[in-house]
Amino acid sequence: MSVRVRFAPSPTGFLHIGGLRTALYNYLFARHHGGTFVLRIEDTDQNRYVEGAEEDIIKSLEWAGMTIDEGPNKPGDVGPYRQSERKTMYAEYAKQLVDGGHAYYAFDTTEEIDEMRERLKKSGNPSPSYDSITRQSMKNSLTLPQDEVEKRLENGDEYVIRLKVPRRETVKFEDLVRGIVSFETGGLDDQVLMKSDGMPTYHLANVVDDHTMGITHVIRGEEWLSSAPKHMLLYNAFGWEPPTMAHLPLIMSPSGGKLSKRKAESEGIPVNTKDYISGNYEPEALVNFLAYLGWSPGDDSEIHDMKELCELFALDRVSKGGAVFNHKKLMWYNEHYIRETSVSELVPRIKALAEAQGFDTKDEEYLTKVIELLHERVSKIDEFVSMGSFFFEAPKEYDENALKKWKEDSAGFVKAYESKIEALSESDFIAANLKSALEETVAENEVGFGKVMMPVRIVTTGQGFGPDLFASLELIGKEETLSRIDSALKQLT
RNA sequence: GCCGCGUUCGUCUAGGGGUCCAGGACGCCGCCCUUUCACGGCGGUAGCACGGGUUCAAAUCCCGUACGCGGUACCA
């Protein structure tokens, strides 16, 4: 049987970075086995639905380089791919469960359930739940006379359908990441399967869908492990073969705990995939980084593109413990992928970024040279623009830190240097000559190289660091260089 | 509280009884290269949570403890 996996996010917001990794592992697994990657939208909670979330999910997956084989945007044979559109199916299956004695109607109001919880708490039960014991004293089709149940149903009284969890049973299953996992049903509650609004809960919907969509492997986050036994009970009740399970370790925040929006952002980690897109991260870097966050191929390799990851990926090599998100390592990957990208590929991307900020990037030849000079020193491609803005326009202000190196004698050295390069013809205004002019200035004044170079750098670029100064000046050109020196001298002296 | 899952350098991990006084990567530190910065090269720092077993031999198997994380909804 060929592998079919699904990524099943709920459209309650922007795609979380942890969700993206779950999707990635599903995708890699599918591709590794020549299987199918399905996107299913789990929108059974109408209260939490967020407009535009589905588009964000699809856009994010595409940006990361994952191709959806079947999904709401690309229907296959087992659609629809949004749970809200499969509503009638769930009701039928729930009825089937009730008829088979595996589920029952419950008419209790929220208040009545709260009361029950309060009462049990008082009598010493620290975590009361609607379960095989308490259901006996509640209003449901197990306790109410048959005719009253029918009457309530006919009257259109509000009801839910609950799973009738067996009293004492052990649910055991094999998880591809964790091995054998087992639970006692005594600790499970009679989970609601159908809500009073007619929508199924996640538990029912995911089981029905995974089965009817032919899903062979359920690969999801560890937060689902606790409800997995309920799902196994459901497969059993339906008489279906359950898919193979694999629960992934969670991505943790550096300060501990699940990587939540609040935590992550206070630690400088973007949580939503869209923030990586708008933040100009390299998708290849994020994918490589995420793949290694909780998985490793077992050798000493670190760098793999999507194609290689697909070849290497195996669920039994996924680690069990949670993995802390290390933003510095992500940046290392990002730098790596930028260096791997050819200058010609970079040109259009940086042109767009720079122009969006109102810079004139001149011609392509010029931009190419700018990129060559900065290629080895940026961490993210937007730094080509921020670090290289002086290539596009004269500095508007001088970096505060750099100015610390501006001393009493700096202006004099800059003037001395200026008079030397002023003498250079346009065609002689090249890096080698600009460098020897500086060396001469240094020698004539009997000072260190930096005493002259740093001030020149500051007045021409506004910064105390950057690409090779002489190559930069050559690119900026004689006229512009001299004009920058003059206007800086006016401001700084 | 209860249930479940986990625990190898600061972080991500390799390791699945002897070849491990534990290997790689990020970070950090130092040196070299560069008369700036960065890149690159070389080197260094640092870890098997704890306690019991099993065994000739345990990071690797078993039990317990501690700690961490997840779940405990008519949310997913």
Side-chain angles (χ1 to χ4, degrees), chain A residues 8-13 19 42-45 47-48 83 106 108-110 113 117 121 124-130 158-162 175 177-179 181-184 186-189 191-203 205-206 220-229 247 249-250 252 254 256-258 289 292-303 317 319-333 335 339 373-379 387 402 405 435 438-439 442 448-454 456-457 463-470:
Chain A
S10 80
T12 52
E42 311 230 323
D43 54 351
T44 54
D45 187 350
N47 300 321
R48 294 210 303 159
Q83 290 185 329
D108 317 271
T109 62
T110 317
I113 293 173
R117 292 216 165 98
K121 232 174 223 170
N125 184 339
S127 53
S129 64
Y130 205 118
E158 283 215 339
Y159 68 91
V160 299
I161 294 178
R162 286 181 181 271
D175 184 289
V177 173
R178 284 148 216 287
V181 185
S182 99
F183 292 82
E184 299 302 322
L188 269 33
D189 64 344
Q191 187 63 56
V192 169
L193 266 18
M194 289 296 290
K195 302 187 261 191
S196 56
D197 66 358
M199 275 295 207
T201 57
Y202 169 84
H203 306 283
N206 111 85
R220 83 239 281 201
E222 197 189 334
E223 71 267 31
W224 294 111
L225 189 56
S226 299
S227 36
H247 289 92
L250 262 21
M252 319 286 277
K258 204 161 141 181
F289 169 73
Y292 271 71
L293 204 57
W295 168 84
S296 101
D299 54 25
D300 287 341
S301 66
E302 299 282 341
I303 305 292
R317 294 208 54 88
S319 33
K320 299 174 171 71
V324 174
F325 193 106
N326 183 343
H327 192 257
K328 281 190 172 162
K329 186 143 192 187
L330 203 213
M331 292 317 291
W332 176 76
Y333 273 114
E335 287 159 12
R339 278 174 226 127
L373 284 174
L374 291 163
H375 203 183
E376 305 286 274
R377 44 194 98 217
V378 299
S379 294
M387 210 181 271
K405 294 188 176 160
K435 186 177 177 185
L438 197 117
E439 281 164 345
V442 163
F449 193 83
K451 287 291 276 180
V452 184
M453 197 217 63
M454 272 313 277
V456 172
R457 181 186 280 287
Q463 302 170 341
F465 59 91
D468 182 76
L469 180 60
F470 309 108

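Keep in mind that this is a model prediction, so the values were computed, not measured. Proteins get letters first, then strands, A, B, ... in listed order; numbering begins at 1 in each.
Searching all strands for a Watson-Crick or G-U wobble partner of B:rU35 with both distances below 3.5 Å returns nothing.
As judged by a 4.0 angstrom heavy-atom cut-off over every strand, A:Lys405 is placed among residues making no nucleic acid contact. Among the heavy atoms of the strands lying under 4.0 Å from A:Asp468 is at least one base atom, whether or not backbone atoms are also near. Using a 4.0 Å heavy-atom cutoff across all strands shown, A:Ser182 reaches sugar-phosphate atoms only and no base atom. The residue A:Glu439 sits close to a base: some heavy atom pair falls under 4.0 Å.
B:rU35 has A:Phe449 stacked on its base ring, the centres lying under 5.5 angstrom apart and the planes within 30 degrees of parallel.
In this structure, the nucleotide among B:rC5, B:rC75, B:rC3 sitting nearest to the side chain of A:Asp45 is B:rC75. Of the candidates B:rG27, B:rC39, B:rG24, B:rG24 carries the atom nearest the A:Lys329 side chain, counting heavy atoms from C-beta on. The side chain of A:Val160 sits closest to B:rC74 out of B:rC74, B:rU13, B:rA76. In this structure, of B:rC26, B:rC74, B:rU35, it is B:rC26 that holds the atom nearest to the side chain of A:Asn326. The listed nucleotides are B:rC75, B:rU36, B:rG6; the one nearest the side chain of A:Met454 is B:rU36. Here the nucleotide nearest the side chain of A:Asp300, chosen from B:rC74, B:rG24, B:rA76, is B:rG24.
Residue side chain A:Arg178 does not reach the base of B:rC5 through any donor-acceptor N/O pair under 3.5 Å, judged by distance alone. Remark: the A:Ser226 side chain and the B:rG4 base include no donor-acceptor N/O pair separated by less than 3.5 Å. One donor-acceptor pair, N or O on each side, does fall under 3.5 Å between the base of B:rC74 and the side chain of A:Ser196.
Distance A:Lys320 NZ to B:rG6 C1': 9 Å, rounded to the nearest Å.
Ring pair A:Trp224/A:Tyr202 is parallel by interplanar angle, where below 30° counts as parallel and above 60° as perpendicular.
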